[in-house]
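First the proteins, then the strands, lettered A, B, ... as listed; each starts at 1.
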Protein chains: 8
Amino acid sequence: MSPKEILEKYKNGEMTLTEALEHIPDRGIEEMGFATIDTDRHKRTGLPEVIYSSGKTVEQVSQIAERMHLKGIDVLATRATPEMFEAVKERIPGAQYNALAKTIIYKQNTQPSTEGYIVVVAAGTSDMPVAEEAVETAQFLGNRVEKVYDVGVAGIHRLFHRLELIRNARVIIVVAGMEGALASVVGGLVDKPVIGVPTSIGYGANFQGLSALLSMLNSCASGVSVVNIDNGFGAACQASLINKL
Amino acid sequence: MSPKEILEKYKNGEMTLTEALEHIPDRGIEEMGFATIDTDRHKRTGLPEVIYSSGKTVEQVSQIAERMHLKGIDVLATRATPEMFEAVKERIPGAQYNALAKTIIYKQNTQPSTEGYIVVVAAGTSDMPVAEEAVETAQFLGNRVEKVYDVGVAGIHRLFHRLELIRNARVIIVVAGMEGALASVVGGLVDKPVIGVPTSIGYGANFQGLSALLSMLNSCASGVSVVNIDNGFGAACQASLINKL
Amino acid sequence: MSPKEILEKYKNGEMTLTEALEHIPDRGIEEMGFATIDTDRHKRTGLPEVIYSSGKTVEQVSQIAERMHLKGIDVLATRATPEMFEAVKERIPGAQYNALAKTIIYKQNTQPSTEGYIVVVAAGTSDMPVAEEAVETAQFLGNRVEKVYDVGVAGIHRLFHRLELIRNARVIIVVAGMEGALASVVGGLVDKPVIGVPTSIGYGANFQGLSALLSMLNSCASGVSVVNIDNGFGAACQASLINKL
Amino acid sequence: MSPKEILEKYKNGEMTLTEALEHIPDRGIEEMGFATIDTDRHKRTGLPEVIYSSGKTVEQVSQIAERMHLKGIDVLATRATPEMFEAVKERIPGAQYNALAKTIIYKQNTQPSTEGYIVVVAAGTSDMPVAEEAVETAQFLGNRVEKVYDVGVAGIHRLFHRLELIRNARVIIVVAGMEGALASVVGGLVDKPVIGVPTSIGYGANFQGLSALLSMLNSCASGVSVVNIDNGFGAACQASLINKL
Amino acid sequence: MSPKEILEKYKNGEMTLTEALEHIPDRGIEEMGFATIDTDRHKRTGLPEVIYSSGKTVEQVSQIAERMHLKGIDVLATRATPEMFEAVKERIPGAQYNALAKTIIYKQNTQPSTEGYIVVVAAGTSDMPVAEEAVETAQFLGNRVEKVYDVGVAGIHRLFHRLELIRNARVIIVVAGMEGALASVVGGLVDKPVIGVPTSIGYGANFQGLSALLSMLNSCASGVSVVNIDNGFGAACQASLINKL
Amino acid sequence: MSPKEILEKYKNGEMTLTEALEHIPDRGIEEMGFATIDTDRHKRTGLPEVIYSSGKTVEQVSQIAERMHLKGIDVLATRATPEMFEAVKERIPGAQYNALAKTIIYKQNTQPSTEGYIVVVAAGTSDMPVAEEAVETAQFLGNRVEKVYDVGVAGIHRLFHRLELIRNARVIIVVAGMEGALASVVGGLVDKPVIGVPTSIGYGANFQGLSALLSMLNSCASGVSVVNIDNGFGAACQASLINKL
Amino acid sequence: MSPKEILEKYKNGEMTLTEALEHIPDRGIEEMGFATIDTDRHKRTGLPEVIYSSGKTVEQVSQIAERMHLKGIDVLATRATPEMFEAVKERIPGAQYNALAKTIIYKQNTQPSTEGYIVVVAAGTSDMPVAEEAVETAQFLGNRVEKVYDVGVAGIHRLFHRLELIRNARVIIVVAGMEGALASVVGGLVDKPVIGVPTSIGYGANFQGLSALLSMLNSCASGVSVVNIDNGFGAACQASLINKL
Amino acid sequence: MSPKEILEKYKNGEMTLTEALEHIPDRGIEEMGFATIDTDRHKRTGLPEVIYSSGKTVEQVSQIAERMHLKGIDVLATRATPEMFEAVKERIPGAQYNALAKTIIYKQNTQPSTEGYIVVVAAGTSDMPVAEEAVETAQFLGNRVEKVYDVGVAGIHRLFHRLELIRNARVIIVVAGMEGALASVVGGLVDKPVIGVPTSIGYGANFQGLSALLSMLNSCASGVSVVNIDNGFGAACQASLINKL
């Protein structure tokens, strides 16, 4: 059946939309057996297909990276181990690794960076891996990024000291573990959207980030939304969509 | 001590910042005994002081509303009961009540509405109270708003039917209970920031919205962030900040 | 744009599938403002649109029921209060109410019942409301149903007494609260699929059905799957799909 | 056996300590059938016996109050309903009720108030019932008390405005719901012990105060300890012990 | 006592059923000291005895496998490590290992495969180990199986592309981690029973699969039931019972 | 088929035990449509059938009570409301109600009480309803019972005062809410089995008895086992089985 | 002050009991710096001091074992690693190790075994480590013990086969993971106290034994109490106290 | 802008406090790129900046330690591994390591110890690492400290034996795992503030310290507050603030 025939049948009521959908061949897909690359994603969602390396083998990660590279898609792999990077580098010599952020990046499509910037605010030194994942991702997506690290509320004057830089951003990502109070405090001081990233930093009744997550969800400041625990990547994705509006 | 003296001491190192802060009188505050109205909030955060009525008495809500009204501040009270509305209406005759959203609104400052719009997408009829809270809040904050209701994933073609309206918004609020899958599905189809609002709709292992909350936090779509369960107000606040960028 | 033009553009790569979807008008939808009836559902999923009354107003339930009735769709409303029934009966005089199951049913399309039957096994008298919801739903969907009630494992010989009836069913729904052990015991005695429905019956560390839910999910018998706590409706839907294979 | 004989046997090894304990009559006890008043408690723990009214009947509360009154013990009943107060007032005419704090107090033993004071800091108007329970209890125990209400971190300048009063206290009780960030912020600004009281104020993923509880337990400020959710009474007890050191 | 005597006593009321049960020797049991093989299980439940290797020693697994093999029972061991496979292969040379699924299989009884098929749909590459466990088990039980992998809802057109294959199955197993939305989406598009398998894939507020589990339990699509997290084996068992109806 | 034929077939291997079970009629059952009374339970388990009234209607409770009464079975209904008692009393005039314990009892079979006794130790006045349920049940089952109430660890000398009575019991039931420490303390002082009953008394992070439950399960004293939250009935059942050894 | 003086003061009211307690030297204690051996425990509680090895160093375990040995106390160490056993054996050559149960035992005081016996019933092979801990402990405490292993409810006839042995015990310990249904089933078939030991065996929504724990706590059989997850030791302690009544 | 200009603008209302804050340079900060040392903390909060080593690299810990040392700040690093200590010792030769407490300390500022003392009471040998962290921290902060170890409630006479030492302290830290009952028992015997530190010692339903945490939060003794699980450091900080009042 040709697409035309399908739509005629649909128009005449001989097919439901669901049946029509079944018969339409799709293009934005690259089949790899164990993976189905969504080559259409960037156009559709404003965000490219990215490799989430956790739970994948070294071989799978490097194969997907190579395939994307060959298709001309810029490569970003998150949660990547050094072994994965070694394997990717053999196939894509120019790939770069950020050991703290655990990201592999290879970018051939140069893209002018945004004028407005995203600021990534982190509460403590221990929150840096998550913050760096956010920074790497946001830059990969073509955003200008500024960093404000180790300004947790136990010494709140450290935050005030950098307040101007924070207030002038278009979007603010706040990365914090323990009680996650930093998101509320920042949210109460700025007039820009704040995206909270709770981290699993802490111990005891922290419950792998649950305390910071609940804290940020219950923020008394109104303009704060939240992404998953340790999800610097997701925060950067949404921040990028906002920054490019 | 005059502000000048304070700063001199601070400059000379005779005072720490903390000590200096203690001595500086503040203006953006309206003391009411049981409440301290933050009259400076709108200027500082882009969002006005709002009355969260839950846990307050009828008397407290109507007094705060009146005081704000007298100061020329537009009034929005969320989670307000009909009794609270009656009490407010006696003091502010023009106040309006949305029984589904449980909001009281009185707006004297006319503000041109935004050009771009926020779309509020709701999965089921039962999610409407939360969706309406988001709609009322977003409009109160001066945004143009569109509604797409009852388009849950159990009949996903209902969503496709309205996809154009959704894709053309600047920000998308997705309100869903049960398994909250709608946020991920929408997130995978659009290139705009999506703010998920899990609702407490459902039963059994829904655990008052926990299932939808976890579902949205774990969304496989990258551009989705989340606010607290049933927090239509908070979603609208962030959406407004984004819409006005 | 006509459907034909849309598909041509899609074929030529001028449109992605997503863009195409946006432009295709759909039919299997009945708009009601606050509700979007999925009239195509029965054809697509083998299960009709059903009214889940919880969280809806009396007015909303009776309006949706009437609209479905007028379209010739059989009506099943679950979690319906007596007030809702009164309102529906005014619009659909022949509607029936099961006070234990909290279901409203009006069926005009007579459908020959299945030959094979579904058996609903309940552990205790207190589990009957959930069991009855399953029974009413399964019958509404055109299945022959048998009941085996109050045969919990504290007196396991009561179960053996009815074992033949259970083993001869095509599908078995096991409804149990407290520790939910009945699902495992039945699962170990039969060669048919068992669908467990944990109920919120019990107290203390029952946590509103969590104990029975976890118990059934961890069943040491291999052929057991589970639906949500108290979800007799969902169990009957799946049992019906299986029974009609 | 006389106490002397008991101790001799214990000394000679004819009795273990446990056996000796069984034979020693005790005095610091007032038996009431359904209650055993611990008349020795004040001397032993620095805190008097107090009536926790929740889960007791109106009759039980008023009987225990009367008995304590007759023994010359000052009466404090927490979580008391207006009905309980009516019943107590009939037996102890001078008793006082704080409807917000839900406390009944009758104090005949005048005690000079402490010189140093306890400050009770509350984040929002909705936290006032818990804050008032702390205030009433602390005053009952003979402490000077100051109040700083509605200074949550969404408008942190409200807190700075009152910082001097807070820093000059000997102990600080911080009462906060939602994300409970106030405890960390205050803890980072003062050099006195801070006792956090999470409240059940909030909604959704607040989980009846769990978010604030976890937040305070994970405070990044070092000098913060925590009492149970909504437990203004307990915070005041510890604050009193500290204030009197 | 002979069986006859036992039943006579039972008939005459001299014995209860429980007492009678105690005296009846059983046959469907193979005693191994540390294990009691249920040789009757296949006849009774339609599913054979299977070795769940987790928590067993290498020695125990290989001994049970050998004993079953000697009794002419086909061998399936799940959650088996490579070491276990080495030990089993020494005793059963023809045994096969699927390293991804962690299954050991030795099948001597050839069984004609079913005509209808089970389809295993997996959301992401990381969900493959669980999906493969389901595939291996279903094939071992004599079912024809089809695979549809990496079709998560972040790129929902990948699913539509394979919809025909899915809709023509007799039973559908949906394997998904993160938010598990795929089960609801598939459930809303097909008229066959859907068995959801939540996986522990994800991070943060995924809580080892809890998010996907709750999501699937709360599915707004009616024909979905759920098995335990990562339990591909259990899903395949129930799917097999259904497929053979 | 006669029982004899069944057993012959079983003996000859023509039937499995499961098949044999299906064909054996049972006697220890009294069918009531909505309930299946287990008349054999007392003989089999040493504990009679008891009516757990929660989740049953007034009509169901009174009907089951009457039926048991007519069969000569002593009646115990737990969690019974005053309305249930009124209905039962109309059918069984001699029935007795304990409003605190919420038990209905009618006992016609006089049974000599045990020589050894069970002691029920309760931490606070608020724990009395649960303690009384245990007392009523234990007496109903023919045990001598002693009570030691309001001896919580906040004033541990109250416990020592009654230690002899506690140490001389054959079994000890400890009923405690809040932190449930009493079970550990008693367990460390006696050489008899201790059964802990956590109660839902308390507030905040008590989580409806979870704190006391976890506390007792983690008791550092070795001879302590636990029953469900508020389950005075279950504790008395096990204590009775132990007391009668 | 002599004990006599102390008691005189106590008698005369010059001292409270608490003050008296402070002044009484105690004997049933052996100080070791990092440990305080409770040498009086056996006499007081019927159970000897036992070494819980988890969280202790190899050196600490072997030192405490030696010290107890030198004082003539029989040694039982639970949760002991092979390294700990090597260290203990150097100091106490006759010590024995059960690698499955992880227990070290050295018993010099021969004690006649009880006549009645404890039966340990385990659901699966994977539950054996916990069951063996219970067996070793019960034997160490001087009880006759019988074992019934691998009789889970997925093949319930395996249980019936051994029912007589189970029913004739004085106390029954049921060890089960997954859904823990075995405790309820056994509890419904016997007239002796049943102590359930949930194990952490299972996966997914088992949550390290939580499912089995909740299941046993909610048992519909009345005579079942529960100890902590994997706590074979505690179950044996209570069983021993009961068996020796 | 000079501080003077800033304050003038603030005085005249040309700036809000927030804007003023942004422009004020701060001094109590030492920037290190990855860390922002809060050199002002000791003066502001009475507690110095401390290195929480968990989640930091060996390199980061030793660099921060060196920088603090060079600034003349005493060094305390908690949760430090032996590798971290080696690295620190190379830079600060006089540094000391407590392997049990996992603390690195270097103190050059001799400070007279307090007269009153803090007592650290620990329930079991396994709780010693947490207790030692508290002891090391309290001594580092200049407090006299006494230790009372291994006095859990399973042998409560061990506690009475040391009661005088405990009662004479100014503050009491109680460290306990399992059911954490020790905090309540001590709280009921003394008239000084008690700070509970729940530990993660235990197994099964201990849930990494949750049982002890909930137990202490629900303490029936009034003067008990709680810090995070295993947080000996935090308890010592608050105890020090109290001890120095």
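Heavy-atom pairs under 4.5 Å with chain B were tallied for A221(A), G187(A), S225(A); the largest tally goes to S225(A). Looking only at heavy-atom pairs under 4.5 Å with chain A, the residue among I229(B), I195(B), V171(B), N218(B) that has the most is N218(B). Interface summary for chain A: among G116(B), G196(B), S222(B), A236(B), the most heavy-atom pairs under 4.5 angstrom belong to S222(B).
Looking at F233(B), the atoms closer than 4.5 Å to chain A (heavy atoms on both sides) all sit in the side chain, from C-beta outward. Residue contact with chain A, scored on non-hydrogen atoms closer than 4.5 Å, involves the backbone and the side chain of I242(B) alike. Contacts of L213(B) with chain A are made by side-chain atoms alone, with heavy-atom separations under 4.5 Å and no backbone atom involved. Only the backbone of V190(A) comes within contact range of chain B, judged by heavy atoms closer than 4.5 Å. Looking at V50(B), neither its backbone nor its side chain comes within 4.5 Å of chain A, counting heavy atoms on both sides.
For the residue pair T199(A)/D230(A), the side-chain donor-acceptor check at 3.5 Å is not satisfied. A donor and an acceptor atom, one from each side chain of N98(B) and T103(B), are nowhere located under 3.5 Å apart.
Taking a cutoff of 4.0 Å between a charged side-chain nitrogen and a carboxylate oxygen, E132(A) and K102(A) do not qualify as a salt bridge.
Not one N or O on the side chain of N143(B) forms a donor-acceptor pair closer than 3.5 Å with the backbone of T114(B). Here the side chain of R144(A) pairs no donor or acceptor atom with the backbone of I118(A) at under 3.5 angstrom. No donor-acceptor distance shorter than 3.5 angstrom exists from the side chain of K192(B) to the backbone of L241(A), with no hydrogens or angles considered. Judged purely by atom type and a 3.5 angstrom limit, N206(A) uses its side chain to pair as donor or acceptor with the backbone of Q208(A). Without hydrogens or angle criteria, Y117(A) side chain to L165(A) main chain gives a donor-acceptor distance under 3.5 Å.
Within residues 175-186 of chain B, no residue has any heavy atom under 4.5 Å from a heavy atom of chain A.
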T78(B) vs E133(B), side chain to side chain contact (heavy atoms under 4.5 Å, CB included): CA-CA, chis, key distance, verdict: CA-CA 8 Å; T78(B) 61; E133(B) 190 187 78; 4.1 Å; yes
Stepwise side chain to side chain contact (heavy atoms under 4.5 Å, CB included) check, I104(B) with L76(B): CA-CA 6 Å; I104(B) 300 168; L76(B) 167 59; over 6 Å; no
